[in-house]
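FYI, side chains are in, hydrogens and waters are out, and symmetry mates aren't considered; it's all heavy atoms of this structure. Here, residue 1 is the first one in the sequence, and each next residue gets the next number.
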Amino acid sequence: MHPGNILVRASQNKTSRNQLFKSRPHVIFLDVGMTAELSRKDRVTLLEFFKAVALRDGRTAGEWTLKLSKQQKCPNPEAFIEDVEQTFSNWGSKEGDFFHPADCMHQMLEQVRRHRVNIDGDVCTVMVTMLVLEGWQRKLDPEYDVMHTLQTLLFKVDWAESLFYTIEGLMAP
C-alpha cells in the first residue's frame, strides 16, 4: 500500500473552511492486489488483443485471444472467433453504443468459457486486473471514455512505443 492507493472523498456540498473539518470524509483504499509477470511474447499478444478491442474488431480480438495460451485446447477455434465477432458486431452497432466496453468484454469472456478457450494464468490476471481498474474508473468518473483513451494511446506511434516501453519496464522478467 502506498499513497497512490488512497483516495479521500470529501463532502460534495459547498462548505466553509470551518465546516470542512466537521464533515466526515470517506477514505477509500484502492488496491487490486494482483500481480503478474508476462513474457515479451505475452506482452505483445496482449497489446495486439487490446488494439483489436479498441478498434471493436471482434475477429481479430478472437484470433489474438486464442494466442493468449501456450497450450490452446479450444475444440473449435473458428466457432469461437465467429461468436466473438458477433459479440463485437453488436457492440459496434447503434444499439450497441449503449453498451459499456466492460459489458462487451464480459460477453467475450463468457465466449472464452463457453468455447473452453485457454488463457494463461498471468495473462488472465492482467485482464481481470484491467477490468477491476476499469470498474473503479467508471465509479469515480462515469463520463470518462476509456475506449477513446485506449485508442489514443495504442494508435499514435509515439504513444504506442511509449506504452510498450512502459509495459516492458513494469513487467520485464
d(Glu110 CD, Gln107 CD) to nearest 0.5 Å is 9.5 Å
Can you tell me how far the CE atom of Met108 sits from the NE2 atom of His106, to the nearest 0.5 Å? 11.5 Å
From Thr87 OG1 over to Leu109 CG, what is the distance, rounded to the nearest 0.5 angstrom? 10.5 Å
For a side-chain contact (heavy atoms from CB on, under 4.5 Å) check, start with the C-alpha distance between Val126 and Leu38, then their side-chain angles and the critical distance, and finish with the verdict. CA-CA 9 Å; Val126 171; Leu38 300 178; 3.8 Å; yes
Test side chain to side chain contact (heavy atoms under 4.5 Å, CB included) applied to Val117 and His115, Arg114, Arg113, the passing residue: His115
What's the shortest heavy-atom distance between Cys74 and Phe80, and which atoms? SG-CB, 4.2 Å
Could you grab the distance from atom CG of Asp83 to atom CG of Asn76, nearest 0.5 Å is fine? 9.0 Å
Can you name the ring pair (Phe, Tyr, Trp, His ring centres under 6.0 Å) partners of Phe49, sequence neighbours left out? none
Which pair of non-hydrogen atoms, one from Ala52 and one from Ala61, has the smallest distance, and what is that distance? CB-N, 3.5 Å
Begin from the C-alpha positions of Val112 and Thr65 and carry the test side-chain contact (heavy atoms from CB on, under 4.5 Å) through to its verdict. CA-CA 8 Å; Val112 165; Thr65 301; 3.9 Å; yes
Indicate yes or no: at least one non-hydrogen side-chain atom of Met127 is less than 4.5 angstrom from one of Leu46. yes
Within the 4.5 Å heavy-atom criterion, are Gln86 and Ser89 side-chain neighbours or not? yes
Would you say the side-chain atoms of Gln72 pair up with the backbone N or O of Leu66, donor to acceptor, closer than 3.5 Å? yes
With rounding to the nearest 0.5 angstrom, report the CG to CD distance, Asp57 to Glu63. 8.0 Å
Could you tell me the separation between the CD atom of Glu78 and the CZ atom of Arg59, rounded to the nearest 0.5 Å? 4.5 Å
Just by distance, do the side chain of Gln137 and the backbone of Asp141 share a donor-acceptor pair under 3.5 Å? yes
For Thr45 and Trp64, the nearest pair of non-hydrogen atoms, with its separation, is CG2-CE3, 3.6 Å
Salt bridge (Lys or Arg N to Asp or Glu O under 4.0 Å), paired with Asp120, selected from Lys41, Lys67, Lys70: Lys70
